Amino acid sequence: MGTPLLRVEDVGKNFGGLSALSNITFDIGDDEMVGLIGPNGAGKSTLIRIITSVLKPTYGTVKFKSRDITGLPISDIVNMGIASTAQIVKPFRRLPVISNAMVSCLCPRIRRTGDWVKSVELRARDALEFCGIADLALESASVLSHGDLKRLELARAIATEPELLLLDEPFGGLNQAETTLIAKSLRRLHKGGRFGRLHSEGPSMLIVEHKLADLMKIVDRVIVIDLGRIIAVGTPEEIVRNREVVKAYIGKEEGQLVS
Ligand SMILES: Nc1ncnc2c1ncn2[C@@H]1O[C@H](COP(=O)(O)OP(=O)(O)O)[C@@H](O)[C@H]1O
Ligand SMILES: [Mg+2]
(Lines give C-alpha, C1' and ligand atoms only; values in the text may rest on other atoms or scores of the structure.)
(Ligands and ions follow the chains in the order given, each with its own letter.)
Protein backbone atom coordinates (compact mmCIF):
# COMPACT_ATOMS: atom_id res chain seq x y z
CA MET A 1 0.00 0.00 0.00
CA GLY A 2 1.49 3.39 -1.00
CA THR A 3 0.26 6.55 0.71
CA PRO A 4 -3.01 5.64 2.40
CA LEU A 5 -6.15 7.51 1.43
CA LEU A 6 -6.97 8.11 5.10
CA ARG A 7 -4.63 8.03 8.06
CA VAL A 8 -5.90 8.30 11.62
CA GLU A 9 -2.89 8.95 13.83
CA ASP A 10 -2.95 8.51 17.59
CA VAL A 11 -6.42 10.01 17.97
CA GLY A 12 -8.06 10.37 21.37
CA LYS A 13 -11.31 11.93 22.55
CA ASN A 14 -12.40 12.78 26.07
CA PHE A 15 -15.89 13.91 27.00
CA GLY A 16 -15.32 15.56 30.36
CA GLY A 17 -13.89 12.79 32.51
CA LEU A 18 -14.90 10.04 30.07
CA SER A 19 -12.25 8.74 27.71
CA ALA A 20 -14.29 7.71 24.64
CA LEU A 21 -11.28 7.00 22.38
CA SER A 22 -7.59 6.44 23.18
CA ASN A 23 -4.56 6.15 20.90
CA ILE A 24 -6.47 5.18 17.76
CA THR A 25 -4.17 4.64 14.77
CA PHE A 26 -5.11 3.03 11.44
CA ASP A 27 -5.04 3.57 7.67
CA ILE A 28 -7.57 3.07 4.93
CA GLY A 29 -6.11 2.30 1.53
CA ASP A 30 -7.07 3.70 -1.83
CA ASP A 31 -9.27 0.80 -2.77
CA GLU A 32 -10.39 -0.62 0.54
CA MET A 33 -13.68 -1.48 2.14
CA VAL A 34 -13.17 -1.63 5.90
CA GLY A 35 -15.58 -2.61 8.67
CA LEU A 36 -15.48 -0.95 12.09
CA ILE A 37 -17.11 -3.02 14.83
CA GLY A 38 -17.33 -3.07 18.59
CA PRO A 39 -19.88 -3.29 21.40
CA ASN A 40 -22.30 -0.43 22.14
CA GLY A 41 -20.49 2.59 23.53
CA ALA A 42 -17.12 1.43 22.15
CA GLY A 43 -16.58 4.78 20.41
CA LYS A 44 -17.45 3.91 16.79
CA SER A 45 -19.74 6.87 16.10
CA THR A 46 -17.35 9.22 17.87
CA LEU A 47 -14.53 8.06 15.59
CA ILE A 48 -16.64 8.60 12.46
CA ARG A 49 -17.62 12.05 13.73
CA ILE A 50 -13.97 12.95 14.28
CA ILE A 51 -12.98 11.88 10.76
CA THR A 52 -15.82 13.95 9.29
CA SER A 53 -14.90 16.88 11.54
CA VAL A 54 -18.25 16.99 13.32
CA LEU A 55 -16.12 16.61 16.47
CA LYS A 56 -12.58 17.69 17.21
CA PRO A 57 -10.31 15.07 18.73
CA THR A 58 -8.75 15.83 22.12
CA TYR A 59 -5.42 14.81 20.58
CA GLY A 60 -4.13 13.24 17.38
CA THR A 61 -4.48 13.93 13.67
CA VAL A 62 -6.58 12.83 10.72
CA LYS A 63 -4.91 12.91 7.33
CA PHE A 64 -6.61 12.57 3.96
CA LYS A 65 -4.24 12.04 1.02
CA SER A 66 -1.36 13.05 3.31
CA ARG A 67 -3.01 16.39 4.17
CA ASP A 68 -3.83 17.17 7.78
CA ILE A 69 -7.61 17.68 7.84
CA THR A 70 -8.12 17.59 11.62
CA GLY A 71 -10.83 20.03 12.62
CA LEU A 72 -11.34 21.56 9.15
CA PRO A 73 -14.86 22.91 8.46
CA ILE A 74 -17.23 20.13 7.40
CA SER A 75 -17.83 21.83 4.03
CA ASP A 76 -14.09 21.55 3.26
CA ILE A 77 -14.13 17.90 4.24
CA VAL A 78 -17.02 17.18 1.84
CA ASN A 79 -15.32 19.14 -0.92
CA MET A 80 -12.16 17.11 -0.54
CA GLY A 81 -14.16 13.96 -1.20
CA ILE A 82 -15.27 12.56 2.16
CA ALA A 83 -18.97 11.84 2.66
CA SER A 84 -20.80 10.15 5.49
CA THR A 85 -24.15 8.90 6.62
CA ALA A 86 -25.23 9.29 10.23
CA GLN A 87 -26.63 6.62 12.54
CA ILE A 88 -29.77 8.76 12.93
CA VAL A 89 -31.02 9.93 9.51
CA LYS A 90 -31.78 13.63 9.09
CA PRO A 91 -33.51 14.33 5.76
CA PHE A 92 -35.16 17.65 4.87
CA ARG A 93 -38.58 16.22 5.67
CA ARG A 94 -40.65 18.87 3.91
CA LEU A 95 -38.74 18.58 0.64
CA PRO A 96 -39.38 15.98 -2.06
CA VAL A 97 -36.96 13.06 -2.13
CA ILE A 98 -35.31 14.28 -5.35
CA SER A 99 -34.65 17.73 -3.82
CA ASN A 100 -33.00 16.09 -0.83
CA ALA A 101 -30.52 14.46 -3.20
CA MET A 102 -30.14 17.63 -5.29
CA VAL A 103 -29.02 19.62 -2.25
CA SER A 104 -25.94 17.37 -2.03
CA CYS A 105 -25.10 18.17 -5.67
CA LEU A 106 -24.84 21.87 -4.83
CA CYS A 107 -21.51 21.43 -3.04
CA PRO A 108 -18.57 23.12 -4.82
CA ARG A 109 -16.99 19.70 -5.37
CA ILE A 110 -19.77 18.97 -7.87
CA ARG A 111 -20.14 22.55 -9.11
CA ARG A 112 -16.54 22.43 -10.29
CA THR A 113 -17.53 19.92 -12.93
CA GLY A 114 -18.67 21.21 -16.36
CA ASP A 115 -22.37 21.78 -16.96
CA TRP A 116 -23.40 21.23 -13.38
CA VAL A 117 -26.65 23.19 -13.49
CA LYS A 118 -28.07 20.96 -16.18
CA SER A 119 -26.79 17.86 -14.53
CA VAL A 120 -27.87 18.45 -10.93
CA GLU A 121 -31.23 16.75 -11.37
CA LEU A 122 -29.78 13.94 -13.47
CA ARG A 123 -27.05 13.34 -10.94
CA ALA A 124 -29.57 13.32 -8.08
CA ARG A 125 -31.75 10.89 -10.03
CA ASP A 126 -28.75 8.65 -10.61
CA ALA A 127 -28.10 8.53 -6.89
CA LEU A 128 -31.74 7.70 -6.11
CA GLU A 129 -31.77 5.04 -8.77
CA PHE A 130 -28.58 3.54 -7.45
CA CYS A 131 -30.16 3.24 -4.02
CA GLY A 132 -33.40 1.80 -5.45
CA ILE A 133 -35.70 4.72 -4.55
CA ALA A 134 -36.05 6.51 -7.93
CA ASP A 135 -39.78 5.74 -7.93
CA LEU A 136 -40.14 7.87 -4.76
CA ALA A 137 -38.40 10.93 -6.28
CA LEU A 138 -41.44 13.21 -6.10
CA GLU A 139 -42.75 12.06 -2.72
CA SER A 140 -42.19 14.23 0.31
CA ALA A 141 -39.38 12.79 2.46
CA SER A 142 -41.81 12.88 5.41
CA VAL A 143 -43.82 9.92 4.04
CA LEU A 144 -40.87 7.58 3.56
CA SER A 145 -40.49 4.38 5.57
CA HIS A 146 -37.44 4.00 7.78
CA GLY A 147 -35.82 1.68 5.23
CA ASP A 148 -36.35 4.17 2.41
CA LEU A 149 -34.98 7.01 4.57
CA LYS A 150 -31.80 4.98 5.13
CA ARG A 151 -31.53 4.63 1.36
CA LEU A 152 -32.13 8.34 0.89
CA GLU A 153 -29.36 9.08 3.40
CA LEU A 154 -27.01 6.94 1.32
CA ALA A 155 -28.17 8.59 -1.93
CA ARG A 156 -27.41 12.01 -0.47
CA ALA A 157 -23.91 10.91 0.48
CA ILE A 158 -23.03 9.31 -2.86
CA ALA A 159 -24.42 12.26 -4.81
CA THR A 160 -21.29 14.17 -3.70
CA GLU A 161 -19.23 11.45 -5.46
CA PRO A 162 -16.90 10.84 -2.53
CA GLU A 163 -13.56 9.10 -2.63
CA LEU A 164 -14.10 8.01 0.96
CA LEU A 165 -17.52 7.05 2.27
CA LEU A 166 -18.12 6.64 6.01
CA LEU A 167 -21.28 4.78 6.95
CA ASP A 168 -22.63 4.60 10.51
CA GLU A 169 -24.93 1.58 10.79
CA PRO A 170 -26.30 1.62 7.22
CA PHE A 171 -28.34 -1.54 7.97
CA GLY A 172 -29.79 -0.20 11.24
CA GLY A 173 -33.53 -0.88 11.46
CA LEU A 174 -33.68 -2.57 8.06
CA ASN A 175 -35.19 -6.01 7.55
CA GLN A 176 -33.11 -8.78 6.01
CA ALA A 177 -34.27 -8.17 2.43
CA GLU A 178 -33.51 -4.44 2.68
CA THR A 179 -30.16 -5.15 4.33
CA THR A 180 -29.12 -7.53 1.55
CA LEU A 181 -30.15 -4.99 -1.06
CA ILE A 182 -28.12 -2.14 0.49
CA ALA A 183 -25.14 -4.44 1.13
CA LYS A 184 -25.07 -5.43 -2.52
CA SER A 185 -25.39 -1.80 -3.62
CA LEU A 186 -22.44 -0.82 -1.44
CA ARG A 187 -20.26 -3.55 -2.89
CA ARG A 188 -21.30 -2.55 -6.42
CA LEU A 189 -20.57 1.10 -5.67
CA HIS A 190 -17.16 0.21 -4.30
CA LYS A 191 -16.34 -1.82 -7.37
CA GLY A 192 -16.99 1.26 -9.49
CA GLY A 193 -20.47 0.34 -10.62
CA ARG A 194 -22.33 2.53 -13.04
CA PHE A 195 -22.68 5.42 -10.61
CA GLY A 196 -20.41 8.47 -10.62
CA ARG A 197 -18.87 10.80 -13.11
CA LEU A 198 -16.02 12.37 -11.16
CA HIS A 199 -14.24 9.10 -10.42
CA SER A 200 -14.20 6.02 -12.52
CA GLU A 201 -13.40 3.96 -9.44
CA GLY A 202 -15.77 3.51 -6.54
CA PRO A 203 -15.06 5.06 -3.14
CA SER A 204 -13.13 3.47 -0.31
CA MET A 205 -15.40 2.85 2.67
CA LEU A 206 -15.41 2.61 6.43
CA ILE A 207 -18.58 0.92 7.61
CA VAL A 208 -19.80 0.73 11.22
CA GLU A 209 -22.32 -2.07 11.56
CA HIS A 210 -23.80 -4.41 14.16
CA LYS A 211 -25.18 -6.87 11.63
CA LEU A 212 -21.87 -8.66 11.46
CA ALA A 213 -22.83 -11.50 9.16
CA ASP A 214 -23.93 -9.05 6.48
CA LEU A 215 -20.95 -6.76 7.06
CA MET A 216 -18.38 -9.54 6.94
CA LYS A 217 -19.58 -10.54 3.47
CA ILE A 218 -18.71 -7.19 1.92
CA VAL A 219 -15.59 -5.83 3.67
CA ASP A 220 -11.93 -6.63 2.99
CA ARG A 221 -10.70 -5.85 6.48
CA VAL A 222 -12.18 -5.31 9.93
CA ILE A 223 -11.08 -3.03 12.78
CA VAL A 224 -12.46 -3.88 16.22
CA ILE A 225 -12.67 -1.36 19.02
CA ASP A 226 -13.72 -1.87 22.62
CA LEU A 227 -13.78 0.77 25.35
CA GLY A 228 -12.24 3.28 22.93
CA ARG A 229 -9.23 1.20 21.97
CA ILE A 230 -8.41 -0.93 18.95
CA ILE A 231 -8.34 -4.55 20.11
CA ALA A 232 -7.98 -6.32 16.74
CA VAL A 233 -7.48 -5.75 13.02
CA GLY A 234 -7.76 -8.48 10.42
CA THR A 235 -9.66 -10.09 7.60
CA PRO A 236 -13.28 -11.07 8.34
CA GLU A 237 -12.15 -14.70 8.67
CA GLU A 238 -9.46 -13.77 11.20
CA ILE A 239 -11.79 -11.57 13.21
CA VAL A 240 -14.56 -14.14 13.72
CA ARG A 241 -11.93 -16.49 15.15
CA ASN A 242 -10.26 -13.89 17.38
CA ARG A 243 -10.83 -14.81 21.02
CA GLU A 244 -10.52 -11.32 22.38
CA VAL A 245 -13.12 -10.08 19.93
CA VAL A 246 -15.52 -12.89 20.73
CA LYS A 247 -15.02 -12.19 24.46
CA ALA A 248 -15.75 -8.48 24.04
CA TYR A 249 -19.01 -9.29 22.29
CA ILE A 250 -20.17 -12.19 24.43
CA GLY A 251 -19.34 -10.32 27.61
CA LYS A 252 -21.45 -7.33 26.68
CA GLU A 253 -24.10 -8.36 24.21
CA GLU A 254 -24.76 -12.01 24.95
CA GLY A 255 -24.78 -12.59 21.23
CA GLN A 256 -22.91 -14.75 18.84
CA LEU A 257 -20.30 -12.89 16.85
CA VAL A 258 -21.80 -13.85 13.53
CA SER A 259 -25.35 -15.10 13.62
N1 LIG B 1 -21.38 14.22 22.80
C2 LIG B 1 -21.07 13.38 23.79
N3 LIG B 1 -20.96 13.82 25.06
C4 LIG B 1 -20.62 12.97 26.05
N5 LIG B 1 -20.38 11.66 25.90
C6 LIG B 1 -20.50 11.17 24.66
C7 LIG B 1 -20.84 11.98 23.53
N8 LIG B 1 -20.88 11.19 22.43
C9 LIG B 1 -20.57 9.96 22.85
N10 LIG B 1 -20.34 9.93 24.17
C11 LIG B 1 -19.93 8.75 24.95
O12 LIG B 1 -18.78 8.22 24.34
C13 LIG B 1 -18.82 6.79 24.34
C14 LIG B 1 -18.75 6.29 22.92
O15 LIG B 1 -19.97 6.61 22.25
P16 LIG B 1 -20.24 6.27 20.72
O17 LIG B 1 -19.10 6.74 19.93
O18 LIG B 1 -21.59 6.78 20.39
O19 LIG B 1 -20.25 4.66 20.77
P20 LIG B 1 -20.73 3.61 19.66
O21 LIG B 1 -21.09 4.35 18.42
O22 LIG B 1 -19.58 2.67 19.51
O23 LIG B 1 -21.92 2.90 20.27
C24 LIG B 1 -20.09 6.40 25.08
O25 LIG B 1 -19.76 6.17 26.44
C26 LIG B 1 -20.96 7.63 24.93
O27 LIG B 1 -21.87 7.73 25.98
MG1 LIG C 1 -22.87 4.49 17.29
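Scope of the values below: all heavy atoms of this structure, side chains included, with no hydrogens, waters or symmetry mates. The chain is numbered in sequence order, starting from 1. Just so it is clear, the model here is predicted, and its values are computed rather than measured. Counting starts at 1 for both ligands and their atoms, following the listed order.
Paired with Thr179 under the rule side chain to side chain donor-acceptor pair (under 3.5 Å), one option of Lys211, Glu209, Lys184 passes, and it is Lys211. For the side chain to side chain contact (heavy atoms under 4.5 Å, CB included) test with Leu36, the passing option among Leu166, Leu206, Asp168 is Leu206; the others fail.
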Check ligand 1 against the protein and report each N/O to N/O distance under 3.5 Å, formatted as atom name, atom name, distance.
unit_1	atom_1	unit_2	atom_2	d
ligand 1	17 (O)	Ser45	N	3.4
ligand 1	17 (O)	Thr46	N	2.9
ligand 1	17 (O)	Thr46	OG1	2.6
ligand 1	19 (O)	Gly43	N	3.3
ligand 1	21 (O)	Ser45	N	2.9
ligand 1	21 (O)	Ser45	OG	2.9
ligand 1	22 (O)	Ala42	N	3.2
ligand 1	22 (O)	Gly43	N	2.9
ligand 1	22 (O)	Lys44	N	2.8
ligand 1	22 (O)	Lys44	NZ	2.8
ligand 1	23 (O)	Gly41	N	2.8

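Separating the CZ atom in Arg7 from the CZ atom in Phe26 is a distance of 10.0 Å, to the nearest 0.5 Å.
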Evaluation steps, side chain to side chain contact (heavy atoms under 4.5 Å, CB included), between Ile225 and Leu21
CA-CA 9 Å; Ile225 60 174; Leu21 291 173; 4.3 Å; yes
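Taking the charged nitrogens against the carboxylate oxygens, Asp148 and Arg151 do have a contact shorter than 4.0 Å, which makes a salt bridge.
Defined by atom type and a distance below 3.5 Å, a donor-acceptor pair is missing between the side-chain atoms of Asp68 and Thr61.
Counting backbone and side-chain atoms alike, Thr46 contributes no N/O/S atom closer than 2.8 Å to the Mg ion (ligand 2).
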